[in-house]
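Here is the structure we will look at, set down as structure tokens.
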Amino acid sequence: MENLRFHDGNIFNLLHSRSTEPSHEVDQRMQLHSSLVRRLSQEQELEGHQGCVNAISWNSTGSLLVSGSDDLRVNVWDYSSRKLVHSVETGHTANIFCTKFVPETSDELVVSGAGDAEVRLFNLAGLRGRADDDNALTPSATYQCHTRRVKKLAVEPGNPNVVWSASEDGTLRQHDFRESTSCPPAGSAHQDCRSVLLDLRSGAKRALADPPKQTLSLKSCDISATRPHLLLVGGSDAFARLYDRRMLPPLTSCRKRMSPPPCVTYFCPMHLSERGRTNLHLTHVTFSPNGEEVLLSYSGEHVYLMNVNNGVGTMQYTPGDVTNFFSLSNILHDVESPPQVSTTQNGFHRNGNAIVLKKCTELVELAKRSLEEGTDIFYAIEAANEVLDAHSDDIDSALRHECLCTRAAMLLKRKWKNDAHMAARDCQSARRIDASSFKAHYYMSEALQQLGKCKEALDFATAAQQLNPSDADIVAKVESIKRDLQAAGTEKKEEPEGGTARVLSLSDILYRSEANSDSSHDMSRSEGDQSDYEEELEVDVQTSMSDDERGDPDSNAMRGSLNLRIHRVSDDDKPKENTGDNTSSGTASSSQNDRTSYQPEGAIDLKRRYIGHCNIGTDIKQASFLGQRGEYIACGSDDGRWFIWEKQTGRLMKVLVGDEAVVNCIQCHPFDSVVATSGIDNTIKMWSPIASVPSIVAGGSAGPATANVVEAMESNQQKLSRNRENPLSVELLQRFRMQEFAEGNFHPFECTQS
């Protein structure tokens, strides 16, 4: 794959085209050209914070960079000199998670949001003429109306008067500097701040088909730069939501919990939209520079690209589509005619570029050889991605079918997280081309077996056997699935009559507790009892440490083991009560009626996924578009690296070491070929194309280059799988640190997994 060309052309030809094309367009294409991306290396490290740097953001011209940190300071850096200009003592009492320049204010107004649930506005002009160590600045405005951590701020290009804040209390608020400069703390007697634009305290969904019930703890929000009336939010469930601000109701206060307003659309990969993944949530959502696409970053998951508008490449689905997707009898829409022997050269359309078509043939053959030999599977999958995602229109249906089946087989062999789901998609696409394809049915049965859907797997395996009765592999596959079904049936028979207790992870419990901890502020207990998510739990916590581990009381993470046994108490085990009160039955009936009358909406499915990184430790990990054209995707990782992919194909472009622990934030300069990153370290790294030789790796701040990129990605996938089986994240371990057990306190400047 190293010799495969990228899709942004030759940089020398771009330079030459300046004489014939508008220079602005050429400059955009050159800002982060592939030849520059592959030369990115750490240029400088900005020192000035004393804690984790949780937020970085450029001003509109790229002359200044603002950052927020666990040290409760907001720093402003000069881009040209790479020097610290201002270091503001904000007065926040908890970690700063977000900060922005307010547009059209000569970069003098800066806003910040923090874990103390406050949004603060500062006028940097107040620091003029002061001594370097005189950094305390009285806020120009302080908004205390949120009840929980403020995780994200959004500003509208060209609007100097308004900022939006997304909080884990389930509200997105609109703060207008012209109307007020302060508000009383949430919960106070005089608190009636009418700033709630989105009330999603009853907005979370466990599945696409479910009505919204639980608090949607907001983690991220963004406003489209090209259509600023469009607002994107993401939080503590699997669904990003797109709203049109022009269609939202007037601003309200938080005293009464409102029903969530209808959104324009939901965004969620189909395989993540099913019920039962309670710890799945978004950490970042963002629009592409042209506003036509959105990027979603999930905790414990991958990064996904989706289209905003209906059109080519946009797939919308309904809850019924989710249910029927794995069914053999599912009617396949837009079924193509069976592949015919092509009369065109090498199976390609005559209007295709001969060089590109030849390359596609070679890539498919390379992928098939890798599958047969069981080697270089990752790069072989990238070869298939190149054919299917970049040149699908250039090839005929026969070669497309062959490539889909080959990629499905390689995904099933690699077995990274969700590879089986992606393989199932390829098999269904292959069936649309050839409904009697043996390979498509065989690999679909394998995918379903890996997903634990043995009944459906047997249907596809039986169909494949009918298509090719003499194939020994399918005979063995049918017998294997039958054994799995028999084993599953035996286990079910051995279950006690009351059913088995479902084991819940600690992250599930704390996640649910956090999502609903603000209910006492705005709803009565009787209202809270209607929730589908409340459960009676028995918890048994044990901790153990070795003698040498006790000698390190100042460690930032608890060492040793934390064993938990958490079970749901079944209905049969609960004491039966007869209150004689019809209220409870009426409430239950009302809740059931709401569920019955709810009309589920559809959602937009994924366009592409980007894999290799690990996102389980922090709730502020960003995924970003790089460059003015957004042709590359970048995301930080829990292994201290950050990854860059080609947007069109998902091809891995670059892996860089950017932190000793975790890279959280990635922000590309508005115009130059420079990227800023930050994470658990108390520094900001600046990256530019200064390497003498292009490559997929380069040395970083925390050590030498990692030659074996696949090995690093394999390690990240193992972490994701462990997180799925036992999702006890670093964040939760830190809550049970030895110091906190012993002292019962929390250090305010600790580098928390946010």
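Small disclaimer: the values here were computed from a predicted structure and weren't measured.
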Open item on the list: Holding to side chain to side chain donor-acceptor pair (under 3.5 Å), I want the full list of residues that pass it with D376, two or more places apart in sequence or in another chain.
Closed with: none

Task: Full working for side-chain contact (heavy atoms from CB on, under 4.5 Å) between E386 and H391 - done: CA-CA 7 Å; E386 174 73 16; H391 303 294; 3.3 Å; yes

TODO: Output, in order, the C-alpha distance, side-chain angles, deciding distance and verdict of side-chain contact (heavy atoms from CB on, under 4.5 Å) for N75 and L46.
DONE: CA-CA 11 Å; N75 285 355; L46 307 184; over 6 Å; no

Open item on the list: Does any part of the side chain of R425, heavy atoms only, come nearer than 4.5 Å to the side chain of L411, both counted from C-beta?
Closed with: no

Task: Distance (rounded to the nearest 0.5 Å) between Q44 CD and I690 CD1 - done: 10.0 Å

Open item on the list: When you compare the side chain of L451 with that of F326, does any pair of heavy atoms fall below 4.5 Å?
Closed with: yes

Task: Donor-acceptor contact below 3.5 Å, side chain H302 vs main chain K417 - done: yes

Task: CD1-SG distance between I620 and C52, expressed to the nearest 0.5 angstrom - done: 8.0 Å

- [ ] State, with a plain yes or no, whether a side-chain heavy atom of S715 is found less than 4.5 Å away from one of D639.
- [x] no

- [ ] Just do the side-chain hydrogen bond (donor to acceptor under 3.5 Å, both in side chains) check on N418 and E301 with the steps written out, would you?
- [x] CA-CA 9 Å; N418 289 333; E301 259 291 337; 2.4 Å; yes

- [ ] With sequence neighbours left out, write down each residue that passes salt bridge (charged side-chain N to carboxylate O under 4.0 Å, His left out) with K453, or none if nothing qualifies.
- [x] none

TODO: Would you please name every residue forming a ring pair (Phe, Tyr, Trp, His ring centres under 6.0 Å) with W416, sequence neighbours left out?
DONE: F378

TODO: Report the residue from S678, S624, S67 that forms a side-chain contact (heavy atoms from CB on, under 4.5 Å) with Q667.
DONE: S624

- [ ] Mind checking ring pair (Phe, Tyr, Trp, His ring centres under 6.0 Å) for Y610 and listing every partner two or more places apart, or none if nothing turns up?
- [x] W645

Task: Sequence-distant partners of K647, side chain to side chain donor-acceptor pair (under 3.5 Å), two or more places apart - done: E293

- [ ] Take L606 and M422 through the side-chain contact (heavy atoms from CB on, under 4.5 Å) test and state the conclusion after the steps.
- [x] CA-CA 11 Å; L606 71 92; M422 299 302 107; 4.1 Å; yes

Open item on the list: Could you work out, with side-chain contact (heavy atoms from CB on, under 4.5 Å) as the rule, every residue matching A384, not counting sequence neighbours?
Closed with: C403, R407, M410

Task: ring pair (Phe, Tyr, Trp, His ring centres under 6.0 Å) partners of F625, counting only residues at least two apart - done: none

Open item on the list: Once side chain to side chain donor-acceptor pair (under 3.5 Å) is applied, do any residues pair with Q449, and if so which ones, sequence neighbours excluded?
Closed with: K477, S480, D484

TODO: Say whether S288 and N290, considering side chains only, have a donor N or O and an acceptor N or O under 3.5 Å apart.
DONE: yes

- [ ] Return the set of residues passing ring pair (Phe, Tyr, Trp, His ring centres under 6.0 Å) with F239 (not counting sequence neighbours), or none when no residue passes.
- [x] Y266

Task: Option from K719, R722, K621 for which salt bridge (charged side-chain N to carboxylate O under 4.0 Å, His left out) with D638 holds - done: K621

- [ ] Please work out whether the ring planes of F438 and Y442 are parallel, tilted or perpendicular, with thresholds of 30° and 60°.
- [x] parallel

Open item on the list: Checking side-chain contact (heavy atoms from CB on, under 4.5 Å) between W687 and each of V674, L656, I644, which is the one that passes?
Closed with: L656

TODO: Could you tell me the separation between the CZ atom of R400 and the CG atom of D394, rounded to the nearest 0.5 Å?
DONE: 9.5 Å

TODO: State, to 0.1 Å, how close C454 and I481 come at their nearest heavy-atom pair, and which atoms those are.
DONE: O-CG2, 3.4 Å

- [ ] Answer yes or no: is there a donor N or O on one side and an acceptor on the other, between the side chain of D681 and the main chain of D659, under 3.5 Å?
- [x] no

- [ ] Indicate yes or no for a side-chain donor-acceptor contact from H669 to the backbone of F671 under 3.5 Å, with no hydrogens or angles considered.
- [x] yes

Open item on the list: Keeping R431 on the side-chain end and H441 on the backbone end, is there a donor-acceptor pair under 3.5 Å?
Closed with: no

- [ ] Would you check if there is a donor-acceptor pair between the side chains of D426 and Y443 at a distance under 3.5 Å?
- [x] no

Open item on the list: Using 0.5 Å steps for rounding, measure from the CD1 atom of I433 to the CD atom of Q428.
Closed with: 12.0 Å

- [ ] Test side-chain hydrogen bond (donor to acceptor under 3.5 Å, both in side chains) on D71 and S69 and set out the steps.
- [x] CA-CA 5 Å; D71 63 9; S69 167; 3.2 Å; yes

Open item on the list: The test is side-chain contact (heavy atoms from CB on, under 4.5 Å); show your working for M713 and F643 and say whether it passes.
Closed with: CA-CA 10 Å; M713 292 189 293; F643 292 69; 3.8 Å; yes

Task: Those residues that, when tested against H613, pass side chain to side chain donor-acceptor pair (under 3.5 Å) (two or more places apart) - done: none

Task: Close side-chain approach of W642 and K685, heavy atoms under 4.5 Å - done: no

- [ ] Without swapping roles, check the side chain of S637 against the backbone of C614 for a donor-acceptor pair under 3.5 Å.
- [x] yes

Open item on the list: Would you say T649 and N385 are linked by a side-chain donor-acceptor pair, where the criterion is simply a distance under 3.5 Å?
Closed with: no

Open item on the list: Pair R82, E43 - check salt bridge (Lys or Arg N to Asp or Glu O under 4.0 Å), show working.
Closed with: CA-CA 10 Å; R82 309 294 202 269; E43 170 202 324; 2.8 Å; yes

Task: CG on L40 to OG on S688, rounded to 0.5 Å - done: 7.5 Å

Task: 4.5 Å side-chain heavy-atom contact, K219 and L282 - done: no

- [ ] Supply the atom-to-atom distance L652 CG to E646 CD, rounded to the nearest 0.5 angstrom.
- [x] 11.0 Å

Open item on the list: Aromatic contact between H271 and Y304, with the criterion being ring centroids under 6.0 Å apart: yes or no?
Closed with: yes

Open item on the list: Are P289 and Q628 packed together at the side-chain level, in the sense that at least one heavy-atom pair is separated by less than 4.5 angstrom?
Closed with: no

- [ ] Would you mind reporting whether L720 and Q717 have side-chain heavy atoms less than 4.5 Å apart?
- [x] yes

TODO: Search all heavy atoms of I616 against all heavy atoms of G300 and return the closest pair with its distance.
DONE: CG2-CA, 3.7 Å

Task: Between Q450 and E446, a side-chain donor and acceptor under 3.5 Å - done: yes

- [ ] Please examine the side chains of M306 and P269, heavy atoms only from C-beta on, and report whether any two atoms are closer than 4.5 Å.
- [x] yes

Open item on the list: Check this for me, if you would: do R369 and E365 make a salt bridge, where the nitrogen-to-carboxylate-oxygen distance has to be below 4.0 angstrom?
Closed with: no

Task: Electrostatic pair D419:R609 at N-O distance under 4.0 angstrom - done: yes

Task: Results of side-chain contact (heavy atoms from CB on, under 4.5 Å) for A676 - residues two or more places apart only - done: I56, W58, L65, I684, M686

Task: side-chain contact (heavy atoms from CB on, under 4.5 Å) partners for S297, two or more places apart - done: T283, H284, V303, N615, A623, C635

